[in-house]
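In what follows, chains are A, B, ... by sequence order, proteins preceding strands, each numbered from 1.
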There are 2 protein chains.
Amino acid sequence: MDSLAMPTLYREVMEQTPARLIEMPSWLLTQLAVHAHRLSAEAFAEAGARGYHYRILSSLDEFGVVSQAELGRHSNMDRSDVVAAVNELAEQGCLERTPDPDDRRRNLVSLTKTGEEQLRRLDRALDKAQESLLEPLAAEDRAALTRMLGQLLAHHQRTQRS
Amino acid sequence: MDSLAMPTLYREVMEQTPARLIEMPSWLLTQLAVHAHRLSAEAFAEAGARGYHYRILSSLDEFGVVSQAELGRHSNMDRSDVVAAVNELAEQGCLERTPDPDDRRRNLVSLTKTGEEQLRRLDRALDKAQESLLEPLAAEDRAALTRMLGQLLAHHQRTQRS
DNA sequence: CCTCTTTCGTTTGTCTTACTAACGTTGGTG
DNA sequence: CACCAACGTTAGTAAGACAAACGAAAGAGG
């Protein structure tokens, strides 16, 4: 009956949780995301940042000088949330906001030296967070997990935009 | 260079996202959790409920009459959030709250007929949400994903409590 | 029996993420 | 020129997670 089931350790921890939930992928996903978020938030907090800031800094680093709207599309954020995060990053001197001469609706956002340093700091801190997140998984399992998560995420981002 | 890499479809959707993020398990996880949460929230909303309500109803169904504190431990919720959710469920007639005669600090919470019906409704709606969440995955991948998520979640819940 | 600590239910409030609605400005199109 | 779309911005909301404090009650140790 349970020879193929979960390891002993698993049951010990999970037996106080309803079986409905334990078997539900969306629950496993959202609950594990809480831990993932906690781990990376702790990493960000040490540098006085949060998730939105990292998304914007890494987008700027990869795509160069772009408008706030593009920034939002790259990092999966709402325009209104981009405004707030860009404000905060500008106050910290991590980026600069200049009006686009070719389109006066747009603000061109560019990464500063300070922003690059902050990004590198966050990258390092995040690496450790990834390690503790995946700690109990073997290398091949980590790869398989990453592949499947990416596959699912691509599917849902595609179907949502259409 | 990319023969072993992601399928074409994947890149199409993801190419506007920083490579840093695409490769980061914690990002894939939290972003996919957004979709998982959206899908199940829509299912809940049709029945006038939300996640906290389902956690409590399913805990009551599996563990019978328990105190609010136990309810919180079963469904991974803070005591203060249990109070609010139990209030709302009581207003809807889904459960009853009676003082424990053996321990006057405790409230014993029990599921009503209405609550059981609501739970069955939510179960059905959630099943569809799971299907659309995992739609692009083959059956064996779904099983592998569920196994790994459970393994990771058990690990982090264990290490957090200690 | 009397402290000391713990547990319980409750209130209040904060943080992060996500998202919606509206507004004025500007660009592009028919 | 009229109309619509995009942009930046402000304001507000919802859900989930969590921290701090409170009085009331139970339990433990001396």
Please list, for nucleotides 26-28 of chain D, all pairs of protein and nucleotide N/O atoms separated by less than 3.5 Å.
residue: D:dA26; atom: OP1; partner: B:Arg104; partner atom: N; Å: 3.0

Does OP1 or OP2 of [N] have a side-chain N or O of [X] closer than 4.0 Å?
| X | N | value |
| --- | --- | --- |
| B:Arg73 | C:dC8 | yes |
| A:Arg55 | C:dA18 | yes |
| A:Arg50 | C:dT17 | yes |
| A:Asn107 | D:dT9 | yes |
| A:His37 | C:dT17 | yes |

Answer with yes or no whether the hydrophobic clustering places B:Tyr54 together with A:Ile22; edges join I, L, V, M, F, W, Y residues whose side-chain heavy atoms lie under 4.5 Å apart. yes
Between [atom2] on [N] and [atom1] on [X], what's the gap in Å once rounded to a whole number?
| X | N | atom1 | atom2 | answer |
| --- | --- | --- | --- | --- |
| B:Arg79 | C:dT11 | CZ | C1' | 12 Å |
| A:Arg38 | D:dC18 | CZ | P | 7 Å |
| B:Leu95 | C:dG9 | CG | P | 13 Å |
| B:Asp78 | C:dT7 | CG | P | 15 Å |
| A:Glu88 | D:dT10 | CD | P | 12 Å |
| B:His74 | C:dC8 | NE2 | P | 12 Å |
| A:Leu108 | D:dA6 | CG | C1' | 15 Å |
| B:Asn76 | D:dA17 | CG | P | 8 Å |

Looking at A:Gly48, is its backbone amide N or carbonyl O close enough to the side chain of A:Gln118 to form a donor-acceptor pair, meaning the two atoms are under 3.5 Å apart? no
Is a side-chain N or O of A:Arg55 found less than 3.5 angstrom from the main chain of A:Asn76, in a donor-acceptor match? yes
Closer to the 5' end of DNA chain C via nearest nucleotide, is it A:His53 or B:Arg97? B:Arg97
Looking at every strand, decide which applies to [X] at a 4.0 Å heavy-atom threshold: base, sugar-phosphate, or nothing.
| X | answer |
| --- | --- |
| A:Gln31 | sugar-phosphate |
| A:Thr30 | nothing |
| A:Val34 | sugar-phosphate |

Would you mind telling me which residue lines up with the more 5' stretch of DNA chain D, B:Asp81 or A:Gln68, judged by nearest nucleotide? A:Gln68
Starting from the C-alpha separation in whole Å, work towards a yes-or-no answer on side-chain contact (heavy atoms from CB on, under 4.5 Å) for B:Leu145 and B:Leu134. CA-CA 10 Å; B:Leu145 179 65; B:Leu134 300 183; 4.1 Å; yes
Yes or no on side-chain contact (heavy atoms from CB on, under 4.5 Å) for B:Cys94 and B:Leu57, after CA distance, side-chain angles and deciding distance? CA-CA 8 Å; B:Cys94 288; B:Leu57 290 178; 4.2 Å; yes
Given C:dT16, D:dC7, C:dG9, the nucleotide with the shortest approach to the side chain of B:Ala69: C:dG9
More than 12 heavy atoms of other groups within 6.0 Å of B:Gln92 CD: yes
Would B:Leu60 and B:Leu119 count as a side-chain contact (heavy atoms from CB on, under 4.5 Å) if you check the C-alpha gap in whole Å, the side-chain angles of each, and the deciding distance to 0.1 Å? CA-CA 10 Å; B:Leu60 281 176; B:Leu119 180 55; over 6 Å; no
Do the side chains of A:Asp141 and B:Arg147 get close enough for a salt bridge, i.e. N-O under 4.0 angstrom? yes
